[in-house]
Number of protein chains: 4
Amino acid sequence: MKPPNAARRSQRSHRAILEAAYELALDRGPAKVTIDAIAARAGVGKQTIYRWWPSKGALLLDVLIDAVGAVSEMPDTGDVVADLTTQMTAVTDLFRSDFARFYTGLIAEAQADDAVARGLAEQLADRAEGPRRQRLEKAQRDGQIRADVDIAAAVEALYAPLYYRMLLRTAPLSVDHVHAVIDATIKGLRPNPV
Amino acid sequence: MKPPNAARRSQRSHRAILEAAYELALDRGPAKVTIDAIAARAGVGKQTIYRWWPSKGALLLDVLIDAVGAVSEMPDTGDVVADLTTQMTAVTDLFRSDFARFYTGLIAEAQADDAVARGLAEQLADRAEGPRRQRLEKAQRDGQIRADVDIAAAVEALYAPLYYRMLLRTAPLSVDHVHAVIDATIKGLRPNPV
Amino acid sequence: MKPPNAARRSQRSHRAILEAAYELALDRGPAKVTIDAIAARAGVGKQTIYRWWPSKGALLLDVLIDAVGAVSEMPDTGDVVADLTTQMTAVTDLFRSDFARFYTGLIAEAQADDAVARGLAEQLADRAEGPRRQRLEKAQRDGQIRADVDIAAAVEALYAPLYYRMLLRTAPLSVDHVHAVIDATIKGLRPNPV
Amino acid sequence: MKPPNAARRSQRSHRAILEAAYELALDRGPAKVTIDAIAARAGVGKQTIYRWWPSKGALLLDVLIDAVGAVSEMPDTGDVVADLTTQMTAVTDLFRSDFARFYTGLIAEAQADDAVARGLAEQLADRAEGPRRQRLEKAQRDGQIRADVDIAAAVEALYAPLYYRMLLRTAPLSVDHVHAVIDATIKGLRPNPV
DNA sequence: GCTTAAACGAGACGGTACGTCCGGTCTTGTC
DNA sequence: GACAAGACCGGACGTACCGTCTCGTTTAAGC
């Protein structure tokens, strides 16, 4: 009795809800989007939203997946440093766009809603971290990355600073910042052996 | 005429509010704390809260400052790697404690409230990043850290992964994680020369 | 779009609200009845009250209409003085009962709320003054009342003193008072001719 | 310890409060006057109001006494019907002026505040009904009013309709209304004996 | 004329109720 | 049976006033 029959789901309503939620989230921030407003803009009954999503966060997560798709493809020119620079710059641009508001809002939602947190972590691991790790693992096999380095830690040392600045706003994101992080991480912090 | 006379502020109420907010935030999460509940638990009129804080986030920020105090002191044994290990392990422990729930909730609040975002960034820059940078700068002067490295980027490469895991929960925080991040960052990702 | 769809109104809630309001008004006086208390006692959301009534006074007016029904029937024994005595005594009894508190409270409300004033005046004109005038007009046709007397003024001369004492409390309402007013008004104040 | 020393009372504040209350009551209705607003407009601390008056109603009652003074003097030309016509017309004019709003508001206040009700009844009995009864008693002695009529009832039959229309607004006050009431009451309702 | 206790202005305080907003559920037709 | 519409209960919001309670500051009485 709980799960409704997905086969009878109205595709028209489904799409209208995702689009309404996305538009509202962009223009007032996800925290200020209400289910009422989404339903009204989508021309949909509130029950239809509650029928298919357990919470506002879950809906926003679907909106994210729907809107973003496969954003994080890693280039592979053979030069891992160049590729990281390219891709981290792209991420920085994304994190400075209107989309950031949506993304940070969703992360905020995840702090109070475990289902959203799990979905978001999974999404992040699969779509974002996965390709990054694979690229670094390839570079490791190519001898461009030290063989005994922990790949997960390496990805985080490179990318976490971008999320950190987006979320905590201690300093602005910039291309210079990308270069500085790559320089520090690739070359390492200890003095160059002579 | 707008700002109330701070000299007449009731210290008793002020403390009771901070304590009530802290206790409530710990036991149900900051997002579910209501001004009504804080006022009731503190034995205070709601107006007294609204008189002195512009938003729930601003109050929680004060609670953070009040509750945490000087948490982030950097040790200085002369060995920067040992000191980073010590301190990052302490931060990891903090980020795995009940306090994390409070902290992430406040960061969530900051995503929808610019004043909180600013206050939090300032707090973070002054109390957390400051000592970390100073320790690395000293290590730089001591020759333990490469002279041309960007200190801000270095601090982020080391610490941002801790915030990243606390907030995004892609993987658990652990002592091993701390070691992996330090190894990757200190030694760097490129193959050891020689 | 503003007025809600009356067809979908919950009869259960409607009745519960009227009854809760009536009980609360009787036991603490209409001025001290709050919308919060009515909603709580009726087991109803406050919005449901605000959806259907524009003000507390409007609700109390509906309560009056609901509670009183057809109180003011005029008897007709053929003897207009006897009938007036009977009916004014009944009104006096009503104005000395607990109901008076409710009624005076509603009249008080009307002094600050024009909609209530209009509703109350209409109610009074239709349900109370109407039958009284009709009885006097019949008596006029029967030759028991002087043909050239202004019926509206006559009704007021007889009944206004009852409202006056209920509201201003310069002296108590009583059967003797009824007799005195009827005597003064029916026989008139000027000396008996002859 | 309770009653403050009246000798030290500030006349300046006393007057300012009465005036502020009167002005505010006229321009927004007594029900919407707040102690806060009176204090602010009078340039007076709220405590000063609470020190000298037990309730808003009590203050408004003093305002009434202060503002109205001896309004209800009865003329005495020797012709009681002419005198009643003159004076009831004056009362009607007063009840149609801005003052009516103030007066009805105070009567409304009295319905929920016994002290105000008592004060108002006393005021009414002394200042308004007293002179009216005395005039009718004189007329009785002069043979213009039937000897066995109840004077209190007679005064009410004449004047209560004016209060009734002011408070209940079933019909407008007017000179014609005054004439009709006087005609009905003086001549009486029963047919003229032939 | 000096002292001192009161009454005063200002306004912060603990509370209560306001009228609004929204979350999540339930109900009533329609398709 | 999923849907659009929207009424419903509940509960938090931020505001307005209540009546009480400090705070200094006049101010007028009595020494």
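Note that these values count all heavy atoms, side chains included, but never hydrogens, waters or copies made by symmetry. Naming convention: chains lettered A, B, ... in sequence-line order (proteins, then strands); numbering from 1 in each chain.
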I need the OH-P distance between B:Tyr50 and E:dG15, as an integer number of Å.
17 Å
Rounded to the Å, how far apart are B:Lys56 NZ and F:dG11 C1'?
14 Å
Closest to the C:Thr48 side chain, choosing from F:dC8, E:dC18, F:dA4:
F:dC8
Whole-Å gap separating C1' (F:dC3) and CZ (A:Arg15)
18 Å
Of the candidate nucleotides F:dC13, E:dG19, F:dC17, which contains the atom at the shortest distance from the side chain of C:Lys46?
E:dG19
Counting side-chain heavy atoms from C-beta on, which of F:dC8, E:dA12, F:dA7 comes nearest to C:Asn5?
F:dA7
Validation row: D:Leu60, D:Tyr22 side chains within 4.5 angstrom (heavy atoms)
no
Atom-to-atom span, CD of A:Gln11 to C1' of F:dA2 - whole angstrom:
13 Å
On a heavy-atom basis, the closest approach of D:Leu59 and D:Leu18 is CD1-CD2, 3.9 Å
Would you indicate which nucleotide in F:dT15, F:dA7, F:dA4 comes nearest to any side-chain atom of A:Ser13?
F:dA4
Can you confirm if the NZ or CZ of B:Arg9 lies within 45° of the ring axis of B:Trp53 and under 6.0 Å from the centre of its six-membered ring?
yes
Could you state the atom-to-atom distance from CG of A:Asp113 to C1' of E:dG23 in whole Å?
14 Å
Would you kindly compare C:Arg12 and B:Thr34 by the position of their nearest DNA chain F nucleotide and give the one closer to the 5′ end?
C:Arg12
Residue pair A:Ala21 / A:Ile38: nearest heavy atoms and the distance that separates them
CB-CD1, 3.9 Å
Look at all strands and tell whether D:Trp52 reaches a base, only sugar-phosphate, or nothing, counting heavy atoms closer than 4.0 Å.
sugar-phosphate
Nearest heavy atom decides the nucleotide; on that basis, is B:Ala39 or D:Ala40 closer to the 5' end of DNA chain E?
D:Ala40
Interatomic distance, C:Arg9 CZ vs E:dT28 P [rounded to whole Å]:
16 Å
Working to the nearest 0.5 Å, report the span between OG1 of C:Thr48 and NZ of C:Lys46.
12.0 Å
Quick one: B:Arg28 CZ to F:dA12 C1', roughly how many Å, whole number?
12 Å
Measure NE2/C:His14 against P/F:dC8 and give the value in whole Å, please.
10 Å
Would you say E:dC8 has OP1 or OP2 under 4.0 Å from some side-chain N or O of D:Arg51?
yes
Kindly say whether, by distance alone, the side chain of C:Arg8 makes a donor-acceptor pair under 3.5 Å with the base of F:dA5?
yes
Where the side chain of B:Gln47 is concerned, which of F:dC17, E:dC8, F:dC13 is the nearest nucleotide?
F:dC17
Between B:Asp36 and C:Ser10, which residue's closest nucleotide on DNA chain F lies nearer the 5′ terminus?
C:Ser10
As a test of reading the structure: which of E:dA12, E:dG23, F:dA12 is closest to the side chain of A:Ile35, going by heavy atoms?
E:dG23
